[in-house]
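To start, the structure itself, in structure tokens.
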Amino acid sequence: MDIVLSVQNLKKQFRLSYKQQKLQNTDKKVITAVDNLSFTANRGEIFGLLGPNGAGKTTTLRMLATLITPDSGDAFVEGYSIVKEPDKVRSRIGFLTGELKLEDFFTPNYLFNFFSELYGIEEGVRNSRKRELFSRFGIDRFAEVKLANLSTGMKQKVSLVISVVNDPDFIIFDEPTNGLDVLTAKTVTDFLLELKAQGKTIILSTHIFSLVEKICDRAGIIIDGRLAALDTVSALTAQKNLEDVFFDIYAARQGGAQ
Amino acid sequence: MKGIIAIIKKEFARFFLDRRMLITTILLPGILIYVVYTLMGSVVSGLVSGDSQYAVAVKNMPQSLSPLFSTVQQLQITDADGNDDDYKAQVEDGRLALYVVFPEDFDEAIADKNDPAFQTLQIEMWYNSADENSSLAYSLFVGVLDAYEESIANLFDVKDGGYDLASDASVTSYILSAVVPMVLLVLLFSGCMAVAPESIAGEKERGTLATMLVTPVKRSHIAIGKIVSLSCISLLSGVSSFLGLILSLPNLMQGAFDGFSLSMFSVGDYFMMLGVMLSTVLLLVGVISCVSALAKSVKEASSYVGPLNIIVIVVGLLSSFAGGAASPLLYLIPVYNSAMIVTDIMALSVSPLAFALTMLSNIVVAGLLVFLLTRMFNSEKIMFNK
Ligand SMILES: Nc1ncnc2c1ncn2[C@@H]1O[C@H](COP(=O)(O)OP(=O)(O)OP(=O)(O)O)[C@@H](O)[C@H]1O
Ligand SMILES: [Mg+2]
């Protein structure tokens, strides 16, 4: 099995400001968002990170995308360390998350060109990729419309397209269908399956169980920053559906904690 | 290198394709400054001189005084021989600006001014203080009388009114050198303030900077690209304001500024001016960018930058006291050195060493600020402090 991503004991803590302590209704000064997380993803699979709100999914993915650095542990993307060689990792991945925004002032066409330039992509390659992706998502009709004037769905499609501007082999999607209507959400999941068919590796975070059941090959369930289960989706759902599996795990953990 | 160019192109596109930004940060400042200063100039000069003429009726005009009054073109003097009340009525309704009655034997009485029995002469004047023309005519007339009174008392004179050894050019550039550096610094600073917080804190606040941070482009390239492009834009804004200021100076100072012309300065002076402005703007943009990177929003950035603005004004003011003879080492102090060099250029006495030190110090400090900004782009605590 060809391992594309290897996560080894990743740990991340956040220091809470007084204001954050009050907001989260806690007197803890430090919160452990990701706690000794380890897993691997194989080439050509869709790996799902499933967990409730605040479980640490986004924090994990931000570390993998090199936006933030782990307190301890490391992860390797195609063999490159996210801690020691972040530049190498950055040029090999695509990352889509709500936190990364595109400037409203520009058009999809301009943004595609701009980000292609940041990745150092040749003009010919860029243009053919742009034509293909824009027509695939129906962006071509809006190519010269400022983002500010696009609908939420169209904006999300532009973000999606920009996140794979460099044609990465390893793609990180954080809640890619959040806030989208069923039609747009389906375009997105279809695209994920298409990428998989091209042999790309995808890691996907979500709290939607059905999405995992539908498109993921393997999944890890994470609760409070720790991995509570990790297996192929077919093995996880051998007895019950994923939602019930999750409730069982959650109840067992709560029981153990008390 | 490609990354730097891509960032610069993007910043320029963001700015130059946005008509509103273009107008408010480049066109308007220059035009506003020109219009406001020109208006101020014409209001002031309208009060002082003006081309208008005032009708004045004078009874018993003394022979000794009439040649004096004929040199004051604004006063149109006619002899009065009618009834006092007629003239007073004319002053009241504005047909006449001023009515003056001299004692009949004015000249004879003045000739006896050393006689112990001499009594101070009474001149009667009627004017209308509610009428601007009348008031102006009154003060002009009194001014001439005062000058005459002084000349007949004549105890001493300044020979030929004194000999001014300064050439026209150096008088005007002396005035310029006191005012311009401070104003210039303030204008440059406000140019930088109009673009840098928006581009750094704004992009951070809107989450568009993070999108660039996940691409492989080097953080140092983002920092350089931002500072270079923002400096160019700020410089344009600064040059626009500066042109507005310089072009309006002759209008603002009216007659007092006859010797001033833009041709006083050589091409070299203009290049040095541009050089200082560019290096200063690099430095200011660097400082404002670093401060903006710390802020969570454009609003917060602006509130941090405000106090810096005051420091720059104070430094500009201080420099106008020093200038010229200062030790070359002082030209290593950023901002202060820029103000001093501008003073020197305006006074037509800039030393090449001082100029070189200024450029060197500003550029080195700007380089350090690029380094600092790169460190900040690398720090997740600073980039993602919610
Ligand atoms: N910058 C930060 N400062 C302080 N706490 C943080 C920070 N980022 C995340 N956290 C905390 O870390 C925990 C994990 O957050 P994270 O966003 O990774 O969860 P998530 O699994 O993505 O949840 P969701 O489904 O709501 O997106 C949460 O308790 C969150 O409040
Ligand atoms: Mg999340």
Side-chain angles (χ1 to χ4, degrees), chain A residues 12 14-17 19-20 23 58-59 61-71 80 82 85-107 110-111 113-122 146-148 158-159 162-163 165-166 168 172 174, chain B residues 1-22 195 198-226 229 296-298 300 374-386:
Chain A
K12 184 71 182 178
F14 290 110
R15 199 168 286 283
L16 292 184
S17 66
K19 215 167 96 190
Q20 283 170 320
L23 267 173
T58 301
T59 306
L61 299 188
R62 289 173 81 205
M63 285 191 279
L64 298 184
T66 74
L67 266 186
I68 58 177
T69 46
D71 295 335
Y80 295 107
I82 57 163
E85 301 155 295
D87 285 343
K88 294 232 167 66
V89 173
R90 279 174 201 139
S91 60
R92 283 170 175 78
I93 62 167
F95 184 33
L96 180 73
T97 173
E99 172 193 26
L100 303 183
K101 301 276 169 47
L102 298 171
E103 279 190 70
D104 263 355
F105 176 79
F106 292 118
T107 64
Y110 185 92
L111 288 166
N113 294 349
F114 172 62
F115 282 98
S116 297
E117 220 171 323
L118 292 188
Y119 281 97
I121 294 164
E122 253 178 73
K146 282 186 184 174
L147 242 57
V158 175
S159 292
I162 299 281
S163 74
V165 76
N166 54 333
I172 304 168
D174 186 21
Chain B
M1 195 62 207
K2 269 192 185 149
I4 299 181
I5 291 170
I7 303 274
I8 292 180
K9 278 199 316 204
K10 192 214 81 179
E11 292 294 327
F12 281 170
R14 176 71 190 87
F15 187 82
F16 289 105
L17 298 179
D18 189 340
R19 204 167 327 129
R20 188 185 57 85
M21 286 243 258
L22 203 59
V195 292
E198 168 57 34
S199 171
I200 307 278
E203 282 221 43
K204 185 177 148 188
E205 182 181 8
R206 293 190 297 270
T208 53
L209 191 54
T211 317
M212 276 194 267
L213 292 179
V214 291
T215 71
V217 67
K218 288 202 174 64
R219 269 69 170 149
S220 57
H221 289 187
I222 302 181
I224 294 172
K226 286 253 177 204
S229 52
K296 295 184 187 73
S297 65
V298 181
E300 195 182 325
T374 304
R375 294 290 299 267
M376 293 170 97
F377 283 159
N378 263 318
S379 156
E380 64 177 73
K381 287 221 173 52
I382 293 175
M383 281 300 105
F384 303 107
N385 53 348
K386 294 273 160 54

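The sequence lines fix the lettering, A, B, ..., with proteins before strands; numbering per chain opens at 1.
- Between Glu380(B) and Lys12(A) there is a salt bridge, since a side-chain N of the basic residue sits under 4.0 Å from a carboxylate O of the acidic one.
- Judged purely by atom type and a 3.5 angstrom limit, Lys226(B) uses its side chain to pair as donor or acceptor with the backbone of Ser199(B).
- Looking at Thr69(A), both its backbone and its side chain come within 4.5 Å of chain B, counting heavy atoms on both sides.
- Using a 4.5 Å cut-off between heavy atoms, Leu17(B) touches chain A through backbone and side chain atoms alike.
- Glu205(B) places a side-chain N or O within 3.5 Å of a backbone atom of Val298(B) that can act as its donor or acceptor partner.
- The candidate from Phe95(A), Tyr119(A), Phe14(A) with the greatest count of non-hydrogen atom pairs under 4.5 Å with chain B is Tyr119(A).
- Put simply, the side chain of Asp104(A) never gets that close to the backbone of Lys146(A): no donor and acceptor are under 3.5 Å apart.
- Contact tally against chain A (heavy-atom pairs below 4.5 Å) for Lys2(B), Met212(B), Met383(B): the top residue is Met212(B).
- When each of Phe114(A), Phe115(A), Tyr110(A) is scored by its heavy-atom pairs under 4.5 Å with chain B, the top score falls to Phe114(A).
- Remark: Phe12(B) engages Phe16(B) in a ring-ring contact (aromatic ring centres under 6.0 Å, His included) (not counting sequence neighbours).
- A salt bridge is absent between Lys10(B) and Glu117(A); no separation between the charged side-chain nitrogens and carboxylate oxygens falls under 4.0 Å.
- A distance of 9.0 Å separates CG in Leu67(A) from OG1 in Thr211(B), rounded to the nearest 0.5 Å.
- In terms of heavy atoms, Gly3(B) sits closest to Leu118(A) at O-CD2, 4.4 Å.
- Listed in order of number, the residues of residues 214-224 of chain B that approach chain A to under 4.5 Å between heavy atoms are Val214(B), Thr215(B), Pro216(B), Val217(B), Arg219(B).
- The candidate with the highest count of non-hydrogen atom pairs below 4.5 Å against chain A, out of Lys9(B), Arg14(B), Glu203(B), Arg206(B), is Arg14(B).
- The two residues Ile162(A) and Leu111(A) make their nearest non-hydrogen contact at CD1-C, 3.7 Å.
- Both the backbone and the side chain of Asp18(B) have a heavy atom closer than 4.5 Å to some heavy atom of chain A.
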